[in-house]
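Computed from a predicted structure; not experimentally measured.
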Amino acid sequence: AVALDGRFTPTDAQRVVGPIDANSVGALGRLKIHQGDERGARDVAEICRVMLNATEPGVRAHAAWYLASYATSRADLDGADRAIRALGNDERLSIFPLFPHDVWIDPQAMRLALKLGDDDLAAHVLGLAEQRLAVNPHVPSIAAAAAHVRGLAQRSTAELKAAVQFGERSGRPLALASALEDLARQQLDDGATRDAVDTFDRALAIQIELGAHWDAARLRRRLRQMGVRRRFSSAEGTLSGWPALTTAETAIAELVCEGRTNRQIGEQLFISPHTVNTHLRHIFEKLAVNSRVELARAAADRRR
């Protein structure tokens with residue numbers, strides 16, 4: 001968030017002309033989705049709609065995938081289908097692999113393909129995951145993604161358990177939580193309700209720890225449907241006040257209170273003054289202050 005938030009805005013989205021920047025935009029958008037930041041996710045969607053008109057195919061691919069992810073997060077399957085086909089019906093297959101490509105995208109793409117009933121896309125995603133594993137057989141994250149994709153495609157509890165086992169060694173907690181969630185859904189379909197509740201709980205604990213509020217809310221809804229209720233932690237879902245500040249915003253607020261300028265803060269945190277200014281606007285909104293002076297006063301009051 002420190003590196004990417006505010007780097008691009010809907011008004012200057014035409015500056016995204018290469019796949020590395022496009023990947024950064026998509027990464028920021030996915031962060032906003034998982035955090036439950038609807039406004040931030042919507043802003044990235046606006047950027048991606050502009051990116052669809054870029055000349056670089058990789059930029060358009062990243063834009064189409066994020067728009068599909070955003071629509072899926074809003075339970076808009078028609079919108080997700082339109083987004084995945086935004087470059088053309090046949091071109092939807094050439095979206096994957098993205099460049100650069102995060103292997104965690106594979107199970108997400110498979111999940112979307114199955115929801116849409118798109119057998120060609122599902123077969124394409126499975127083939128890419130298997131090819132990637134064949135040439136990288138000892139990388140836990142790649143093995144986890146391949147097992148996860150197979151588990152979804154085959155509705156296989158054994159494969160999804162393998163995805164969890166590899167995921168525990170991969171150092172990718174959000175990907176692990178995703179595998180756990182899909183395993184729990186399959187266990188529920190298999191009639192193993194008690195096992196499903198335990199697995200959902202493991203996924204929920206990871207999501208809460210990471211601050212993935214959107215994911216945690218989805219799992220809580222599923223657990224409530226099963227007659228299981230889980231209490232909200234006091235820090236979850238906070239939208240205003242000091243607890244609502246992200247790690248990046250807290251760091252910037254502290255530096256502002258020390259009297260640093262946006263340029264000085266940017267140099268210390270290796271971000272642009274424009275990005276610092278964007279963070280500062282969010283800080284002002286969350287703390288209901290209108291100036292750096294009021295921010296300093298609020299910080300002083302908090303320390304008393």
>> Checking S178 against Q108 for the side chain to side chain contact (heavy atoms under 4.5 Å, CB included) test, could you report, in this order, the C-alpha distance in whole Å, the side-chain angles of both residues, the deciding distance, and whether it holds?
In response: CA-CA 9 Å; S178 178; Q108 297 175 63; 5.5 Å; no

Might you point out which heavy atoms bring [X] and [Y] nearest each other, and give the distance in Å?
X: T72; Y: A80; answer: OG1-CB, 3.6 Å
X: A63; Y: M51; answer: CB-CB, 3.7 Å
X: P100; Y: P19; answer: CD-O, 4.0 Å
X: A83; Y: A68; answer: CB-N, 3.4 Å
X: W242; Y: A253; answer: CZ3-CB, 4.3 Å
X: L28; Y: L4; answer: CD2-O, 3.6 Å

>> R292 vs F284, test: side chain to side chain contact (heavy atoms under 4.5 Å, CB included). Steps then yes/no.
In response: CA-CA 9 Å; R292 301 166 94 94; F284 285 0; 4.3 Å; yes

> Hey, are S156 and Q186 close enough side-chain-wise for a donor-acceptor pair under 3.5 Å?
Replying inline: no

> Just checking, is any N or O donor in the side chain of S272 or T275 under 3.5 Å from an acceptor N or O on the other one?
Replying inline: yes

Would [X] end up clustered with [Y] when hydrophobic side chains under 4.5 Å apart are linked, directly or stepwise?
X: L204; Y: M226; result: yes
X: F8; Y: L31; result: yes
X: W104; Y: V139; result: no

Tell me, do [X] and [Y] make a side-chain contact under 4.5 Å, heavy atoms counted?
X: I206; Y: L174; answer: no
X: D78; Y: D76; answer: yes
X: E258; Y: Q264; answer: no
X: Q268; Y: L255; answer: yes
X: Q207; Y: H213; answer: no
X: F200; Y: E181; answer: yes
X: I208; Y: R220; answer: yes
X: D102; Y: R172; answer: yes

>> Once side-chain hydrogen bond (donor to acceptor under 3.5 Å, both in side chains) is applied, what residue pairs with a partner in residues 293-302 remain, sequence neighbours excluded?
In response: D301-R304

>> Quick test of your reading: applying side-chain hydrogen bond (donor to acceptor under 3.5 Å, both in side chains), list the pairs with at least one residue in residues 11-23, sequence neighbours left out, ordered by first then second residue.
In response: R7-D21, T9-T11, T9-D12, D12-R15

[atom1]/[X] to [atom2]/[Y] distance, rounded to the nearest 0.5 angstrom?
X: C257; Y: L295; atom1: SG; atom2: CG; result: 4.0 Å
X: E249; Y: L287; atom1: CD; atom2: CG; result: 8.5 Å
X: L188; Y: Q225; atom1: CG; atom2: CD; result: 9.5 Å
X: I33; Y: R74; atom1: CD1; atom2: CZ; result: 10.0 Å
X: Q35; Y: D215; atom1: CD; atom2: CG; result: 10.5 Å
X: D81; Y: R92; atom1: CG; atom2: CZ; result: 8.5 Å

>> Show me the pairs that pass ring pair (Phe, Tyr, Trp, His ring centres under 6.0 Å) and involve residues 115-152, at least two apart or across chains.
In response: none

> Hey, mind stepping through I265 and V256 against side chain to side chain contact (heavy atoms under 4.5 Å, CB included) and telling me if it holds?
Replying inline: CA-CA 8 Å; I265 294 170; V256 167; 3.6 Å; yes

>> Pair V17, V59 - check side chain to side chain contact (heavy atoms under 4.5 Å, CB included), show working.
In response: CA-CA 7 Å; V17 295; V59 173; 5.7 Å; no

Donor-acceptor pair, distance only, cut-off 3.5 Å: does the side chain of [X] make one with the backbone of [Y]?
X: R60; Y: T55; answer: yes
X: S24; Y: I20; answer: yes
X: R202; Y: T199; answer: no
X: K286; Y: L245; answer: no

>> Quick test of your reading: applying salt bridge (charged side-chain N to carboxylate O under 4.0 Å, His left out), list the pairs with at least one residue in residues 132-155, sequence neighbours left out, ordered by first then second residue.
In response: D106-R132, E130-R150, R150-E159, R155-D189

> Of all residues at least two apart in sequence or in a different chain, which pass the side chain to side chain donor-acceptor pair (under 3.5 Å) check with T250?
Replying inline: none

>> Classify the ring geometry of Y66 against Y70: parallel below 30°, tilted from 30° to 60°, perpendicular beyond 60°.
In response: parallel

>> Do the side chains of D182 and R111 get close enough for a salt bridge, i.e. N-O under 4.0 angstrom?
In response: yes

> L152: which other cluster members, linking ILVMFWY side chains closer than 4.5 Å, directly or transitively?
Replying inline: L52, W65, L67, L77, I84, L87, L93, I95, F96, L98, I105, M110, L112, L114, L116, L121, V125, L126, L128, V149

